[in-house]
Amino acid sequence: MGLDQYFEIQKKRSEKELEEEIRRIFIDEQPSDQEIENMLYFTSELAYFRKFNALQNYFEKKFNLDNCEKVIMEDYIYEDLLDRTTKVLNAHQQKTQTEAEEIAIKLLPNTEGFFYGSQEYDEYYYEDVEKLIDDLQRMKKMELDDDEDIIYTCWY
């Protein structure tokens, strides 16, 4: 068990697609409202993180995100995260370890949680920061259809 984090693209199914999928899966049974809700979208994984608790902390603090909930990524979220992560990574590359850690604690702090992993500002933290920058830049450039969104979600 642990903190699994995903950026996904979700595309809303048409009514016809949803009806066909319900018939295919449930055959002669009636699905619950929650089951129907879970089938409303096609999803594909765009990026995955494991126990990057600073990222989870960001979404918990900014959006009050709980387990299995979703946040639709909007331009201001990309901009804020890219600004924070770029400053953290630049500090790691250009400043002393103590100075870099102070900046990381201020801009993208780790947090505690039963399944959240290490709270250290070590090589793994900065590898996750660098990967997040790359993933955010790639996702930000994607051209989405009107019925598509990129979301952040987690499971722990």
In short, ring pair (Phe, Tyr, Trp, His ring centres under 6.0 Å) pairs touching residues 69-95 with sequence neighbours left out are H92-Y126
Any pair with a residue in residues 20-47 that passes ring pair (Phe, Tyr, Trp, His ring centres under 6.0 Å), sequence neighbours left out, goes on the list, sorted by first then second residue, please.
-> none
Nearest heavy-atom pair of [X] and [Y]: which atoms, and what distance?
| X | Y | answer |
| --- | --- | --- |
| L55 | Q5 | CB-NE2, 3.7 Å |
| L108 | Y121 | O-CE2, 4.2 Å |
| I22 | P31 | CG2-CG, 3.7 Å |
| N57 | P109 | ND2-O, 3.1 Å |
| K87 | I103 | O-CG2, 4.2 Å |
| E112 | Q119 | CA-NE2, 3.7 Å |

Partners passing side chain to side chain donor-acceptor pair (under 3.5 Å) against [X] (at least two apart in sequence or in another chain):
| X | value |
| --- | --- |
| R13 | none |
| E101 | none |
| E60 | Q56, Y116 |

Just wondering, are more than 12 heavy atoms of other shown residues or ligands nearer than 6.0 Å to [atom1] in [X]?
| X | atom1 | answer |
| --- | --- | --- |
| Q97 | CD | no |
| I36 | CD1 | yes |
| D33 | CG | no |
| E15 | CD | no |

Nearest 0.5 angstrom please: [X] [atom1] to [Y] [atom2], how far?
| X | Y | atom1 | atom2 | answer |
| --- | --- | --- | --- | --- |
| L144 | Q10 | CG | CD | 10.5 Å |
| L46 | I9 | CG | CD1 | 5.5 Å |
| L65 | T153 | CG | OG1 | 6.5 Å |
| I133 | R138 | CD1 | CZ | 14.0 Å |
| E120 | E123 | CD | CD | 11.5 Å |
| C154 | F7 | SG | CZ | 11.0 Å |

Might you work through the side chain to side chain contact (heavy atoms under 4.5 Å, CB included) test for D80 and R84, ending with a clear yes or no?
-> CA-CA 6 Å; D80 187 34; R84 291 167 184 267; 3.0 Å; yes
Starting from the C-alpha separation in whole Å, work towards a yes-or-no answer on salt bridge (Lys or Arg N to Asp or Glu O under 4.0 Å) for K131 and D128.
-> CA-CA 5 Å; K131 180 182 180 309; D128 281 339; over 6 Å; no
For the residue pair [X] and [Y], establish whether any side-chain heavy-atom pair is separated by less than 4.5 Å.
| X | Y | answer |
| --- | --- | --- |
| N67 | W155 | yes |
| R23 | E19 | yes |
| L3 | F114 | no |
| R50 | D4 | yes |
| K61 | T111 | no |
| F49 | D135 | yes |

Verify whether one side chain among N53 and Y125 offers a donor that lies under 3.5 Å from an acceptor in the other.
-> no
Determine whether F52 and Y156 fall in the same hydrophobic cluster, where Ile, Leu, Val, Met, Phe, Trp and Tyr are linked whenever their side-chain heavy atoms lie under 4.5 Å apart.
-> no
Look at the aromatic rings of Y48 and Y6 and report parallel, tilted or perpendicular, splitting at 30° and 60°.
-> tilted
Worked check of side chain to side chain contact (heavy atoms under 4.5 Å, CB included) between K140 and L82 = CA-CA 10 Å; K140 189 176 176 207; L82 282 168; 4.1 Å; yes
Could you go through the side chain to side chain contact (heavy atoms under 4.5 Å, CB included) check for M73 and L136 one step at a time?
-> CA-CA 10 Å; M73 296 294 293; L136 289 170; 4.1 Å; yes
With sequence neighbours excluded, what pairs up with Y58 under the ring-ring contact (aromatic ring centres under 6.0 Å, His included) test?
-> none
